[in-house]
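I have placed the structure first, in the form of structure tokens, so that the comments after it can refer back to it.
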Amino acid sequence: MSKAFLIDTTRCTACRGCQLACKEWYELPANKTKQVGTHQNPPDLNANNYKLVRFNEHLDGETITWNFFPDQCRHCIEPPCQGAADTVEEGAVIKDEATGAVIFTDKMAQFSTEDLDYVRESCPYDIPRWDAKTKRPAKCVMCIDRVREGMLPACVLACPTGTMNFGERSEMLALAKERLAKVKKDHPNAMLADQEDVSVIYLLAEAPERYHTKAVAQAPARNTRKQLFASVRSSLTSVSKS
Amino acid sequence: MTNHWIDIKNADSILIIGSNAAEHHPVSFKWVLRAKDAGATVMHVDPKFSRTSARSDFHVPIRSGTDIAFMGGMINYVLENGRYYKDYVVDYTNASYIVSEGFEFNDGLFSGYDPKSRTYDQSSWKFDLDSKGVPKKDPSLKHPRCVFNLLKKHFSRYNIENVSSVTGVSKDNLQKVYSTFSSTGTPDKAGTIMYALGWTQHTVGVQNIRSAAILQLLLGNIGVAGGGINALRGEPNVQGSTDHTLLYHIIPGYMAMPRADWQTYDAYNKANTPVSTDPHSANWWQHKPKYFTSLLKGWYGENATAKNGYCYGLLPKIEKGADHSYMFLFDRMYNNEITGGFIIGLNPMNSVPNSNKVRKALDNLDWLVTQELHHSETTDNWHRPGVDPKKVKTEVFLLPSAHRVEKEGTVTNSGRWLGWHDKAIEPEADARSFGAAFVPMMNEVRALYKEEGGKLPEAITLLNWPKTYNPEYWTRLINGQFTKDTVVKGTKYKKGQQVPSFTALSDDGSTMSLNWLYTGSYTEEGGNKAKRRNPQQTKMQANIGLYPNWAWCWPVNRRILYNRASVNADGMPLNPKKAVIKWDGKKWVGDVPDGGWKPLSSGKGKHPFIMSKHGHGQIFGPGRKDGPIPEHYEPVETPIDSHPFSKQLSSPVYKFVDSSMDKLAKPADPNFPIVLTTYSLTEHWCGGGETRNVPNLLEAEPQLYVEMSPELAEEKGIANGDGVIVESIRGKVEAIAMVTVRMRPLKVKGKTVHLVGMPFCFGWTTPGTGDSTNRLTPSVGDPNTTIPEYKASCVNIRKADKLTEIEM
């Protein structure tokens with residue numbers, strides 16, 4: 001049975017404990033950032049941030065809404081990035097059977113920048129990043145080192161409010177359902193984002209785009225994996241050559 | 001906190017006002033959300049829509065500095081609409097007391113005001129007493145001069161119309177909060193108020209909290225599960241350091257600082273020990289001489305004897321009315337009245353108001369000792385921008401400090417829980433904890449006094465002082481020990497053994513304790529209870545989240561203060577579903593009761609508010625410097641020049657310091673029309689001296705910003721992310737504009753008033769991040785505490801041509 005996260009954004013206070021716990025566990029260096037008029041910092045996922053709390057605010061009449069979205073790899077059930085990487089080299093992206101964790105391996109160091117961009121483009125959530133110099137892949141690995149030792153992922157352990165949850169997929173789905181039913185009482189449009197396709201399930205109180213443009217996948221109708229990626233790749237290549 | 005963190009989950013209604021709990025006390029929201037899960041309504045009243053507001057049921061924007069108007073409106077609403085809990089009000093508060101004829105309130109001033117000294121003669125703020133000296137009461141609440149009717153009259157001016165026009169809160173929002181929160185004025189419901197520095201840092205800070213006390217007493221929300229007035233105290237061990245007297249006005253255990261007009265031990269006790277003739281009033285402070293004597297024994301050991309007044313004569317004594325708070329301290333430094341000193345564990349060059357002045361003041365010192373983890377704006381003051389280090393005379397010593405994880409000891413949390421933390425690693429190089437630096441240093445000073453003498457050397461040489469620092473040793477002494485063999489309730493204790501409880505402390509010199517509140521925390525029977533991590537509890541305790549065997553809590557492990565107010569005269573819980581204590585016919589069960597006496601109906605009981613002289617919750621509360629009932633006054637710097645409550649614009653007794661650098665903008669000054677409020681943020685700690693040196697935290701919040709509404713930004717031609725200059729009459733600060741819908745313009749007295757908000761954690765020693773926001777704020781303070789008015793001052797704002805303090 002694979003593992004899953006439930007990220008209940010209705011409990012998130014954007015304390016960023018998860019964002020920092022991730023950096024601390026993987027000893028990722030700090031980026032030099034600037035204040036550009038938002039609390040969201042660093043501005044985007046990058047080689048040193050596998051996890052980023054995104055802040056989005058709205059004013060509807062006199063009602064203010066401030067949505068927090070702890071963004072990270074969704075560990076897809078059928079990872080498009082794996083399909084994309086397979087077209088370059090089989091085994092560059094693997095899926096751990098026991099946990100469902102999607103892992104970028106050292107084989108990616110052989111990838112050209114174009115290959116890497118291609119893998120990133122394949123992600124419906126725009127997650128993968130690499131260190132520009134070393135090509136160290138940079139994305140959430142489900143704290144597989146911790147999970148294999150029976151520990152919680154660092155971000156889940158750090159969360160004070162119950163936003164970040166982790167466990168057996170069946171348990172997380174049950175918890176998600178239970179929470180959704182409660183949240184729906186006040187927020188009728190509440191939803192579980194892409195729950196069938198991913199191992200990181202977000203509970204959102206309202207429309208996904210009010211959290212983040214890529215909170216849910218904008219996937220085209222599914223072809224077989226190979227077909228899909230072959231076509232995406234050829235079109236990308238032609239664009240880059242033109 | 002009257003209650004504790006976990007207890008927040010028991011609330012039916014949560015009013016967060018004067019606090020940004022989710023950002024500054026993140027763990028509090030674990031319990032707020034539990035309450036919400038169970039159906040509680042969470043309301044956030046605050047100038048800014050913050051991460052707290054995002055998780056509340058609704059946010060109510062309010063003009064900073066108008067909380068008493070807001071709370072007064074709610075008190076009026078509760079009284080006018082009969083939403084109070086009548087039995088509780090009559091039985092447990094002083095609502096029925098008759099106030100003496102001489103007490104008056106006219107047009108914003110209470111009786112006894114002297115405009116020359118800006119102080120009140122409080123002698124008329126008193127109750128009529130019967131022949132035995134007990135306050136006269138009218139339980140029917142009909143007497144025109146009973147507290148209840150005076151309160152009603154006082155707050156009748158706080159109608160929705162007036163409150164809305166002053167606070168800028170819409171009438172709808174006022175109704176919504178008032179109606180929701182006052183629904184807890186029944187026995188089966190509880191409401192809690194969570195506040196922090198957003199309430200204290202005003203010239204009316206103490207009265208903000210008084211307004212909460214009055215409201216919670218009216219609603220019967222004190223002493224019950226899910227109720228209370230909960231001051232959220234911070235990671236810097238605010239609770240513990242206050243208990244142990246970080247501030248000048250008290251000595252450990254909330255006893256008064258000795259004063260020049262109390263020259264002897266007897267004079268001190270006489271002036272500070274209240275007397276009640278009511279047999280049903282516990283009047284707990286009657287025991288003060290026992291605690292005071294034990295403290296003196298702790299300080300001077302065997303040298304303290306009955307004959308020498310337990311060395312009371314050796315204590316320093318301050319003049320009556322003298323103010324030694326840091327606002328006045330830095331003013332004296334500015335006036336060359338102080339030549340040297342120690343500044344440890346704080347960064348006043350960033351965190352004290354009017355930084356431009358305090359930075360200059362520090363230059364006047366001949367010598368300064370600091371002990372820090374990192375260089376800060378204080379340790380490096382003489383290197384600050386615009387100053388030639390060669391021209392600053394101060395000799396500065398910077399001692400390396402151990403980090404929190406490099407030392408062991410206790411921390412007291414907001415809920416008064418005493419917890420022990422272990423040392424994770426040894427300090428690096430020569431770094432030491434404060435204790436490990438201070439204990440040997442005092443020994444050097446003692447040696448010098450012994451050798452060379454000086455003025456009153458005995459004050460230092462006779463101290464009961466160890467050779468080296470050991471945190472366990474101090475924890476034992478804080479609890480207290482017997483100084484001779486003693487029998488307590490049949491148990492024999494030898495000299496040097498731990499005192500089991502503060503009821504065993506004595507004023508005959510047979511006990512010593514460095515803080516009576518903590519007696520019982522480290523005993524012969526239980527060891528160091530700060531180390532307890534046992535989740536064991538009874539079913540009744542589990543029901544409301546009480547963990548009596550986890551850590552230890554002052555006083556006597558009582559988790560909810562005033563809990564005798566949660567039961568009726570027979571000792572039965574007013575709300576059986578969330579019972580705190582209960583009389584089972586023979587004994588109390590549940591929490592540790594506020595005194596073990598039988599229930600009131602036995603005739604042997606005591607009124608529940610045991611710390612007040614007469615035993616009742618003080619709706620009318622004499623003793624404060626600015627009045628027995630809260631009254632709205634504008635912040636000292638205000639965008640308006642009159643308000644509907646009285647002709648008294650600002651507090652008649654607020655404190656201030658005076659110098660050419662202490663300018664104040666006049667009321668409604670067109671040059672400074674915008675209200676500034678300042679605050680902390682999750683990612684940085686206080687003045688930022690530590691956290692700016694933690695790269696991952698600086699990554700998340702890298703530079704000084706000013707949050708403003710899109711409406712104000714448009715008016716000023718400022719775009720999101722622009723560099724701006726924020727200016728008060730005292731100084732200028734550079735910041736990055738954060739234009740956000742989370743700041744709303746307010747309608748105040750029919751006109752638009754803009755608010756801006758800035759954190760104060762950035763400073764020049766972290767280059768490119770910005771510099772002290774407190775260059776803007778004024779040195780004016782609350783008359784009771786002298787806490788400065790950081791939360792409301794007046795500024796203007798403009799787009800900057802270029803920035804020098806912030807790297808763009």
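Each chain gets a letter, A, B and so on, in the order its sequence line appears, and its residues count up from 1. Atoms considered below: every heavy atom in the structure, side chains included; atoms not considered: hydrogens, waters and symmetry mates.
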Heavy-atom pairs under 4.5 Å with chain A - which of Pro26(B), Gly770(B), Ala700(B), Ala22(B) has more of them than the others? Ala700(B)

Checking heavy atoms, do the side chain of Leu52(A), its backbone, both or neither come under 4.5 Å from chain B? neither

Mind jotting down which residue pairs meet the salt bridge (Lys or Arg N to Asp or Glu O under 4.0 Å) criterion with at least one end in residues 757-767 of chain B? Sequence neighbours excluded, please. none

Mind listing the donor-acceptor pairs under 3.5 Å that bridge chain B and chain A?
| unit_1 | atom_1 | unit_2 | atom_2 | d |
| --- | --- | --- | --- | --- |
| Asp37(B) | OD1 | Arg11(A) | NH1 | 3.0 |
| Asp37(B) | OD2 | Arg11(A) | NH1 | 3.2 |
| Asp37(B) | OD2 | Arg11(A) | NH2 | 2.8 |
| Arg51(B) | NH1 | Ala14(A) | O | 2.6 |
| Arg55(B) | NE | Thr10(A) | O | 2.9 |
| Arg55(B) | NH1 | Thr9(A) | O | 3.4 |
| Arg55(B) | NH1 | Cys12(A) | O | 2.6 |
| Glu683(B) | OE2 | Arg16(A) | NE | 2.8 |
| Glu683(B) | OE2 | Arg16(A) | NH2 | 2.8 |
| Asn696(B) | ND2 | Glu24(A) | OE2 | 3.2 |
| Glu699(B) | O | Thr33(A) | OG1 | 2.8 |
| Glu699(B) | OE1 | Lys23(A) | NZ | 3.1 |
| Glu699(B) | OE1 | Asn49(A) | ND2 | 3.2 |
| Glu699(B) | OE2 | Lys23(A) | NZ | 2.6 |
| Glu699(B) | OE2 | Asn31(A) | N | 2.8 |
| Glu699(B) | OE2 | Asn31(A) | ND2 | 2.8 |
| Ala700(B) | O | Arg16(A) | NH2 | 3.4 |
| Glu701(B) | OE2 | Arg16(A) | NH2 | 2.9 |
| Glu701(B) | OE2 | His39(A) | ND1 | 2.8 |
| Gln703(B) | OE1 | Gln35(A) | N | 2.8 |
| Glu707(B) | OE2 | His39(A) | NE2 | 3.2 |
| Asn720(B) | ND2 | Gly37(A) | O | 3.1 |
| Thr740(B) | OG1 | Glu57(A) | OE1 | 3.1 |
| Thr740(B) | OG1 | Glu57(A) | OE2 | 2.7 |
| Val741(B) | N | Glu57(A) | OE2 | 3.3 |
| Arg742(B) | NE | Glu57(A) | OE1 | 2.9 |
| Glu807(B) | OE1 | Lys32(A) | NZ | 3.3 |
| Met808(B) | O | Lys34(A) | NZ | 2.6 |

Could you go through the side-chain contact (heavy atoms from CB on, under 4.5 Å) check for Leu697(B) and Leu20(A) one step at a time? CA-CA 8 Å; Leu697(B) 293 172; Leu20(A) 265 76; 3.3 Å; yes

Non-hydrogen atoms of chain A under 4.5 Å away: do they reach the side chain of Ala737(B), the backbone, both or neither? backbone

Under a 4.5 Å cutoff for heavy-atom pairs, which residue among Gly721(B), Ala719(B), Ala735(B), Pro702(B) has the most contacts with chain A? Pro702(B)

Tell me, side chain or backbone of Leu698(B) under 4.5 Å from chain A's heavy atoms, or both, or neither? backbone

